[in-house]
Protein chains: 2
Amino acid sequence: METLDEIDKSILRELQKNAKITTKELASKLNLTISPVYERIKRLENMKFIKEYVAILDKNLVNKPFTSYCQVSMRYHEEYIDKFEEEILKLDEVQECYHIAGQIDFLLKINVGSIDEYHDFIRYKLSKINNIGLLNSAFVLKEIKKTYAYNI
Amino acid sequence: METLDEIDKSILRELQKNAKITTKELASKLNLTISPVYERIKRLENMKFIKEYVAILDKNLVNKPFTSYCQVSMRYHEEYIDKFEEEILKLDEVQECYHIAGQIDFLLKINVGSIDEYHDFIRYKLSKINNIGLLNSAFVLKEIKKTYAYNI
DNA sequence: TTTATATTGGTAAATTTTTCTGTAAAAGTT
DNA sequence: AACTTTTACAGAAAAATTTACCAATATAAA
């Protein structure tokens with residue numbers, strides 16, 4: 001982070017908002033020419049400050065309107081965690097999975113097309129993983145805020 | 001969704017993985033020429049299937065390595081919810097906020113630079129919002145899986 | 001079958017990306 | 001202080017991509 005000056009940070013701020021901005025536009029915003037902006041972007045990519053560029057889809061339009069956070073605890077902790085993580089990676093419905101501190105072991109974000117699909121996911125996919133103890137679902141009623149940008 | 005054929009879905013799948021892919025490359029993958037692929041992308045943008053293109057940064061490199069999920073319940077439900085949501089939108093540390101079903105009202109994803117910063121956030125920013133009842137934090141120990149792509 | 005509509009392929013202009021060269025300022029060395 | 005090295009920027013040219021346009025083809029509807 002200390003290798004980033006204010007110009008770099010401005011570039012990252014813009015690209016977090018809009019990855020499709022042209023170097024020319026960005027240069028104009030920063031009162032620079034194309035060259036330095038272009039080189040800085042390449043440097044930020046090479047140094048992996050920028051991990052990837054992605055298109056964000058409308059989950060309702062692509063028929064994945066149903067979101068749930070699912071808390072999972074393992075019955076015999078240590079020995080089955082690796083296996084659980086392995087299985088989770090294979091499940092397309094799992095958008096995110098975190099190992100968290102506290103009584104619960106894992107927090108999963110699940111995205112599917114309907115409650116029925118969610119039921120099937122829990123019943124026939126998640127529950128099939130060995131040694132799951134507790135399993136608790138919290139349905140998302142409304143997305144109040146969601147941003148992909150860090151406040152740098 | 002019914003307005004999307006298999007070609008559209010393939011395009012969306014690719015753009016979710018890599019927004020910087022050129023029309024030429026994409027056309028080659030789909031065994032089409034540039035024109036139809038270009039027009040389809042524009043159509044998907046206009047129809048808002050694609051909401052935005054963003055750069056994803058490395059949270060460790062930009063000094064936001066600490067993530068926590070924070071459960072919030074309101075003391076007097078109905079009347080203070082709007083105000084709470086309003087205040088949440090102003091807080092840069094809040095990456096995501098969902099109104100969820102169940103005992104807890106809101107689930108927040110918080111991203112900061114350190115535990116100290118997290119403490120300050122809870123103590124001096126989140127707690128300052130009126131009529132919060134319960135407040136519970138679950139620290140993320142490890143990110144097992146995180147994808148921005150829907151399985152379409 | 002005919003008409004209308006949508007989709008594709010091909011081409012060319014406009015724009016952007018990428019590379020290259022030169023200059024100036026800053027930092028480090030003798 | 002003089003010299004080298006490094007770094008950041010500007011400008012321009014080359015390469016590649018985006019964008020707009022038109023004709024040809026396929027698809028659906030009348």
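To find a chain, count down the sequence lines: A is the first, B the second, and so on, and within it residues start at 1.
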Name the one of A/I132, A/L89, A/N131 that satisfies side-chain contact (heavy atoms from CB on, under 4.5 Å) with A/F84?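 For A/F84, the side-chain contact (heavy atoms from CB on, under 4.5 Å) test succeeds with only one of A/I132, A/L89, A/N131, which is A/I132.
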Is the shortest distance from a Lys or Arg side-chain nitrogen in [X] or [Y] to a carboxylate oxygen in the other one below 4.0 Å?
| X | Y | answer |
| --- | --- | --- |
| A/D5 | A/R40 | yes |
| A/K9 | A/E6 | yes |
| A/E39 | A/K42 | no |

Distance in angstrom units between [X] [atom1] and [N] [atom2], rounded:
| X | N | atom1 | atom2 | answer |
| --- | --- | --- | --- | --- |
| A/L4 | D/dT7 | CG | P | 16 Å |
| B/E45 | D/dT18 | CD | P | 11 Å |
| B/D5 | C/dA6 | CG | P | 14 Å |
| A/R40 | D/dA10 | CZ | P | 10 Å |

Does D/dA8 have OP1 or OP2 sitting under 4.0 Å from an N or O in the side chain of A/R43?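 No.
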Under 4.0 Å, counting only non-hydrogen atoms across every strand here, what does B/L30 touch: a base, just sugar-phosphate, or nothing?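 No contact at all - B/L30 keeps every heavy atom at 4.0 Å or more from the nucleic acid.
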Give A/I41 one of three labels, base, sugar-phosphate or nothing, depending on what nucleic acid heavy atoms sit under 4.0 Å from its own.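 Here A/I41 touches no strand at all.
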Side-chain H-bond candidate by donor/acceptor type, A/E45 with A/Y53, under 3.5 Å: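 Their side chains do contain a donor-acceptor pair, which is all the 3.5 Å distance test asks for.
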In terms of the angle between their ring planes, are A/H119 and A/Y124 parallel, tilted or perpendicular, with boundaries placed at 30° and 60°?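 Aromatic pair A/H119/A/Y124 classed perpendicular.
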With B for base contact, S for sugar-phosphate-only contact and - for none (protein heavy atoms under 4.0 Å), nucleotides 14-20 of chain C reads --SSBB-
